Amino acid sequence: MKTLKLNNGHEIPVIGFGTFKSTEGEANRIVKEAIDVGYRHFDCAYFYGNEQEIGAALTDKIKDGTVKRDDLFITTKLWNNFHDKESVLPMLRNQLKSLQLEYVDLYLMHWPFGFKKDADMFPSASGSSAYSDVDYLETWKAMEECVRLGLARSIGISNFNTEQITRLLNAAQIKPAVNQIEVNPNINQKKLIQFCKDREIVITGYCPLGRVYAYEGSSAMPKPTLLDERVLAMREKYNKSAAQIVIRYLLDLGITIIPKSTRKERMIENLDVFDFELEKVDVEYLDSLDRNARICGFINFKDHKYFPFNIEY
Ligand SMILES: NC(=O)C1=CN([C@@H]2O[C@H](COP(=O)(O)OP(=O)(O)OC[C@H]3O[C@@H](n4cnc5c(N)ncnc54)[C@H](OP(=O)(O)O)[C@@H]3O)[C@@H](O)[C@H]2O)C=CC1
Ligand SMILES: O=C1CO[C@H](CO)[C@@H](O)[C@@H]1O
């Protein structure tokens with residue numbers, strides 16, 4: 001698997017495996033299957049509620065000799081209720097325990113804004129009662145300590161905008177290695193990708209396939225590119241699926257991505273993208289689909305002091 005070099009010399013496989021929305025048996029199965037078909041990079045989060053299942057799957061696959069810990073690149077994330085500096089280290093230790101790991105390869109701050117510790121993990125109403133005003137710079141300092149203690153090889157951010165990144169870079173002792181953001185043809189993020197590249201921050205694109213399962217033909221969510229007629233028509237030319245065409249397009253932006261599938265044949269398909277190249281005319285068409293349309297807009301929280309999407313990028 002191809003990798004990109006992080007600003008601290010570690011390498012991140014360009015295709016990882018997403019784990020959001022799988023619990024109760026499924027997370028364990030899909031992680032094992034993903035390892036069997038060649039995935040080595042896994043994207044996890046406390047918020048996904050499945051770190052224990054994933055930990056059991058990783059342990060089984062290490063024990064049966066399919067992989068070594070060193071072959072794996074495991075990312076997990078700190079959720080919004082735990083931004084205060086006292087919570088960060090205990091949270092990572094908890095998460096490591098669930099994942100049955102001594103260290104994670106990458107620990108991300110999931111969002112720049114925090115919620116109160118005793119608030120819901122996903123408060124339904126916007127407004128200050130659930131919000132905490134802990135500054136993400138304070139959270140970052142505690143995350144730096146996680147690196148010093150050897151509990152995280154790299155640390156990074158997710159869903160940060162350019163102003164927040166600049167402010168963080170001015171204060172950080174350890175630079176963020178990664179910014180994980182939504183990237184798919186409906187929101188190709190070229191400007192933010194370039195901004196991060198210029199500052200040696202690697203981008204990981206989430207929802208790369210446009211989260212097809214959540215689309216019901218309604219206008220609440222942008223139509224996934226996998227369902228676009230011109231993209232479907234490209235399949236014959238390349239002898240590739242729409243997902244493979246989209247994945248190739250995204251990798252050519254110079255980023256890493258974390259598609260998720262519950263089906264083994266699609267896990268294999270999503271890795272099989274290195275033996276063809278997209279023609280300029282098709283790249284231009286995919287570029288033309290960009291409309292900055294988010295699946296994870298989180299607009300409930302737009303009045304939070306640290307909400308990231310109130311500026312263009
Ligand atoms: N940092 C953050 O805030 C966020 C991070 N993430 C991370 O990003 C990951 C990926 O995003 P996610 O929301 O899961 O959405 P994806 O864009 O990966 O889409 C997943 C959907 O695509 C379908 N799919 C997968 N492969 C194919 C294929 N080859 N052909 C057709 N359909 C396919 C899956 O269906 P099926 O299972 O049936 O194959 C599923 O419905 C998450 O799992 C999570 O780890 C996601 C959102 C926010
Ligand atoms: O990682 C995530 C998965 O998707 C959720 C929304 O549906 C996001 O809230 C979250 O950041």
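Quick caveat: nothing in here was measured; it's all calculated off a predicted structure. Every number for a ligand or one of its atoms is a count from 1 in the order of the listing.
A salt bridge does not link D290 to K190: none of the charged nitrogens lies less than 4.0 Å from a carboxylate oxygen.
No hydrogens or angles considered: a donor-acceptor pair under 3.5 Å links the side chains of N159 and Y206. With 3.5 Å as the limit, one finds no donor-acceptor pair spanning the side chains of Q180 and T204.
Distances below 4.0 Å separate heavy atoms of D43 from the following atoms of ligand 1: 7 (C), 44 (C), 45 (O). Of all atoms in ligand 1, listed by their number and element, those nearer than 4.0 Å to a heavy atom of T262 are 36 (P), 37 (O), 38 (O), 39 (O). Ligand-side atoms of ligand 1 in range of Y48: 4 (C), 5 (C), 6 (N), 7 (C), 44 (C), 45 (O), range being under 4.0 angstrom from any heavy atom. The distance from ligand 1 to the heavy atoms of G210 drops below 4.0 Å at these ligand atoms: 17 (O). Of all the atoms in ligand 1, the ones that sit under 4.0 Å from a non-hydrogen atom of P259 are 18 (O).
Of the polar atoms of R211, at least one N or O is found under 3.5 Å from an N or O of ligand 1, judged by distance alone. Distances between N or O atoms of S241 and those of ligand 1 include no value under 3.5 Å. Remark: ligand 1 and L226 share no N or O pair separated by less than 3.5 Å (distance only, no angle test). For P208, a nitrogen or oxygen atom sits less than 3.5 Å from a nitrogen or oxygen atom of ligand 1, counting backbone and side chain alike. No N or O atom of A243 sits closer than 3.5 Å to an N or O atom of ligand 1.
Contact annotation: for S158 versus ligand 1, heavy atoms closer than 4.0 Å belong to the side chain alone. Counting heavy atoms closer than 4.0 Å to ligand 1, residue I181 contributes nothing at all. Using a 4.0 Å cut-off between heavy atoms, K260 contacts ligand 1 through both its backbone and its side chain. If you look at C207 next to ligand 1, the close heavy atoms, those under 4.0 Å, come from the backbone and the side chain alike. When non-hydrogen atoms are compared, ligand 1 lies under 4.0 Å from the side chain of N270 (C-beta onward) but not from its backbone.
Distance from atom 17 (O) of ligand 1 to its nearest protein heavy atom, with residue and atom name: L209 N, 2.7 Å. The single protein non-hydrogen atom nearest to atom 35 (O) of ligand 1 is R266 NH1, 3.4 Å, given as residue, atom name and distance. Nearest to atom 3 (O) of ligand 1 among the protein's heavy atoms is N159 ND2, 3.0 Å. Distance from atom 22 (O) of ligand 1 to its nearest protein heavy atom, with residue and atom name: V212 CG2, 3.3 Å. Of the protein's non-hydrogen atoms, the one nearest atom 41 (O) of ligand 1 is Y213 CD2, 3.1 Å. Ranking protein heavy atoms by distance to atom 42 (C) of ligand 1, first place goes to F20 CB, 3.6 Å.
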One pair per line, please: each N/O atom of ligand 2 matched with every protein N/O atom under 3.5 Å away, atom names first, then the distance to 0.1 Å.
residue	atom	partner	partner atom	Å
ligand 2	1 (O)	Y48	OH	2.5
ligand 2	1 (O)	H110	NE2	2.8
ligand 2	4 (O)	R211	NH2	2.9
ligand 2	7 (O)	R211	NH1	2.9
ligand 2	11 (O)	H110	NE2	3.0
ligand 2	11 (O)	W111	NE1	2.9

Requested in this report: Please lay out, stage by stage, how W111 and F309 fare under the test ring pair (Phe, Tyr, Trp, His ring centres under 6.0 Å).
Outcome: CA-CA 11 Å; W111 289 86; F309 305 144; 5.7 Å; yes
Query raised in the report: Do T225 and D228 pass the side-chain hydrogen bond (donor to acceptor under 3.5 Å, both in side chains) test, and can you show the C-alpha distance, the side-chain angles, and the key distance before you say yes or no?
Result: CA-CA 5 Å; T225 312; D228 181 281; over 6 Å; no
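Ring geometry, H110 versus Y48: the interplanar angle exceeds 60°, so the pair is classed perpendicular (tilted spans 30 to 60°).
Around atom NZ of K97, no more than 12 heavy atoms belonging to other residues, nucleotides or ligands sit under 6.0 Å away. Within 6.0 Å of the CD atom in E265, the count of heavy atoms belonging to other residues, nucleotides or ligands exceeds 12.
In this structure, F160 has its ring center closer than 6.0 angstrom to the ring center of Y136.
For the ring-ring contact (aromatic ring centres under 6.0 Å, His included) test, no residue two or more places apart in sequence or in another chain qualifies with Y313.
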